[in-house]
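One structure below.
Just follow the structure's listing: the first ligand is 1, and inside any ligand the first atom is 1.
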Amino acid sequence: MSKDETLGEALRRQGITRRGFLKFCAATASMMALPPSMVPAIAAALEKAMRPSVIWLSFQECTGCTESLTRSHSPTVEGLIFDTISLDYHHTLQAASGSAAEAAREAAMEENYGKYILVVDGSIPTANPGYSTIAGISNKSMLLDTAKGAAAIVAVGTCAAYGGIPKAKPNPTGAVAVSDLIKDKPIINVSGCPPIPVVITGVLAHFLTFGTIPELDALGRPKAYYGQSIHDRCYRRPFYDKGLFANTFDDEGAKKGWCLYKLGCKGPTTYNACATTKWNEGTSFPIEAGHPCLGCSEPDFWDGGGFYKALSMPTEDITRAAVYAVGAGAAAGVALGAMNRAKKARAVKTHEKVTINDLEKGADDD
Ligand code: FSX
């Protein structure tokens with residue numbers, strides 16, 4: 001696809017039928033978490049869409065984010081790179097290295113100044129410019145330079161979005177997030193360690209289709225994917241509501257698939273789409289495999305008080321568990337539970353951030 005032709009023109013040139021095109025649009029709608037009624041609008045927008053240029057920088061990270069992208073299934077990464085976007089520079093996937101790679105970055109910036117999407121994974125060390133360099137350029141300086149001509153920045157992974165594991169105490173490199181250094185560009189945080197591949201491609205597809213960034217939550221994440229907590233959409237939620245918990249990884253509750261809350265599940269304080277989108281082409285997600293959610297899409301998840309330490313149990317749920325145990329006689333307990341549920345529902349509805357501390361405080365207040 002040449003950079004001067006629209007996506008619609010390119011697809012027709014490749015012999016894609018109208019039916020095939022609409023199928024692609026339906027897949028794009030689902031990838032962007034939009035309803036099927038949006039398919040005609042997406043088709044109209046994609047007909048006219050130009051191929052955007054993408055520059056992808058990787059700083060302090062484990063390459064899990066790129067590994068995640070290369071496992072996206074709709075569209076395939078090959079399609080994404082070669083047909084839909086122009087990935088002009090990617091530290092891990094490109095063949096060029098050293099000064100040849102830097103020349104490619106500079107050429108892409110010059111050619112598409114003001115129009116390219118900058119994708120960043122990894123945090124940026126600020127304690128010493130020599131901690132992480134590429135072709136002799138410090139990460140901070142490369143970010144500041146490349147951000148200048150970007151139309152928008154996608155911070156892929158919790159490291160780029162919030163500092164992630166490199167920022168965990170005692171943060172020896174002085175790691176910071178992209179948004180700590182860049183203040184004058186739209187930034188979309190696609191958090192998760194790693195982030196869900198379909199969410200990465202969904203955000204890029206949104207920009208390609210509408211030329212705008214999606215609606216974001218208070219932490220800069222697309223609401224379409226991060227609007228609800230893992231707990232809200234978890235298939236084990238009915239067990240939580242009935243007070244049925246696994247207490248160890250091999251007890252009867254664990255074998256019966258009961259709620260993992262007491263084993264440290266951070267689902268109630270974690271906002272992401274794992275429970276609905278799932279992983280590996282929609283096969284499963286950690287909780288379905290019997291492991292508590294670690295809360296990896298939230299800021300400072302590594303310092304959050306222990307992966308297997310239970311969040312404090314809100315009294316409403318102990319009350320509800322008691323009601324299930326003793327029958328309908330505990331009307332007062334039900335009323336108290338309803339009041340607290342309403343309080344929590346309000347927080348979820350308005351997407352105020354419900355943190356580990358809030359839940360612990362809620363338990364004390366109750
Ligand atoms: Fe961080 Fe990504 Fe975790 Fe790893 O690039 S979000 S350590 S999965 O690789 O940045």
Side-chain angles (χ1 to χ4, degrees), residues 54-72 77 80-81 87 89-94 101 105 117-127 131-134 138-140 142-143 146-147 150 153-182 187-204 217 219-222 225-226 230 266 269-274 277-280 284-286 289 291-304 307:
V54 173
I55 296 177
W56 186 309
L57 304 177
S58 296
F59 299 138
Q60 291 192 129
E61 44 84 34
C62 76
T63 311
C65 299
T66 294
E67 286 287 336
S68 180
L69 175 73
T70 56
R71 274 137 192 85
S72 67
V77 69
L80 186 75
I81 291 170
L87 190 53
Y89 180 94
H90 187 299
H91 288 149
T92 312
L93 299 178
Q94 71 198 1
R105 179 176 66 89
I117 303 172
L118 173 60
V119 179
V120 179
D121 64 357
S123 65
I124 304 97
T126 57
Y131 279 156
S132 176
T133 62
I134 297 157
S138 75
N139 289 170
K140 182 178 172 185
M142 186 175 280
L143 173 65
T146 317
I153 302 176
V154 186
V156 163
T158 301
C159 296
Y162 310 127
I165 294 172
K167 183 172 170 265
K169 289 174 190 155
N171 190 2
T173 65
V176 297
V178 172
S179 59
D180 290 324
L181 296 173
I182 308 290
I187 297 175
I188 309 161
N189 287 330
V190 181
S191 63
C193 186
I196 299 172
V198 80
V199 176
I200 304 174
T201 50
V203 166
L204 293 175
D217 72 3
L219 291 172
R221 303 175 293 198
Y225 301 104
Y226 297 88
I230 301 289
K266 305 298 184 292
T269 55
T270 303
Y271 292 80
N272 205 341
C274 302
T277 308
K278 301 194 182 178
W279 290 77
N280 300 322
S284 183
F285 72 115
H291 196 280
C293 167
L294 300 181
C296 77
S297 54
E298 298 301 314
D300 302 325
F301 78 99
W302 201 263
D303 296 325
F307 288 154

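Ranking the protein heavy atoms by distance from atom 2 (Fe) of ligand 1 puts Cys65 SG, 2.3 Å first. Protein heavy atom closest to atom 4 (Fe) of ligand 1, with residue, atom name and distance, is Cys62 SG, 2.3 Å. Taking atom 9 (O) of ligand 1 as the reference point, the nearest protein heavy-atom neighbour is Gly64 N, 2.8 Å. In terms of protein heavy atoms, atom 10 (O) of ligand 1 is closest to Glu61 CB, 3.1 Å. Looking only at heavy atoms of the protein, atom 7 (S) of ligand 1 is closest to Cys159 SG, 3.5 Å.
For a threshold of 3.5 Å applied to N or O pairs, the pair formed by Thr158 and ligand 1 contains no separation below that value. The shortest N or O to N or O distance between Gln60 and ligand 1 is not below 3.5 Å. Annotation: Thr63 places an N or O atom under 3.5 Å from an N or O atom of ligand 1; distance criterion only.
At least one N/O/S atom of Cys193, whether from backbone or side chain, sits less than 2.8 Å from atom 3 (Fe) of ligand 1.
Near Asp121, the atoms of ligand 1 lying under 4.0 angstrom from a non-hydrogen atom of the residue are 5 (O). When each atom of ligand 1 is checked for a heavy atom of Gly157 under 4.0 Å away, the hits are 6 (S).
Counted by atom type alone, Ser58 and His90 present zero donor-acceptor pairs between their side chains at under 3.5 Å. There is a side-chain donor-acceptor pair under 3.5 Å between Gln60 and Thr173.
Assignment of Gly164 to the shell around ligand 1 is not supported, since no heavy atom sits closer than 4.0 Å. Using a non-hydrogen distance threshold of 4.0 Å, Gly192 registers as a contact of ligand 1.
If you run side-chain contact (heavy atoms from CB on, under 4.5 Å) between Ile182 and each of Ile187, Val120, Leu118, only Ile187 comes through.
Looking only at distances, a side-chain donor or acceptor of Thr158 sits under 3.5 Å from a matching main-chain atom of Gly192. At least one donor-acceptor pair under 3.5 Å links the side chain of Asp180 to the backbone N or O of Ala177. Asn272 places no side-chain N or O within 3.5 Å of a backbone atom of Ser297 that could act as its donor or acceptor partner.
Shown here for Ser68 and Ile200, the closest heavy-atom pair between the two residues is OG-CD1, 4.5 Å. Across Lys266 and Phe307, no two heavy atoms sit closer than the pair NZ-O, 3.2 Å.
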- [ ] Check step by step if side-chain contact (heavy atoms from CB on, under 4.5 Å) holds for Leu219 and Asn189.
- [x] CA-CA 8 Å; Leu219 291 172; Asn189 287 330; 5.6 Å; no
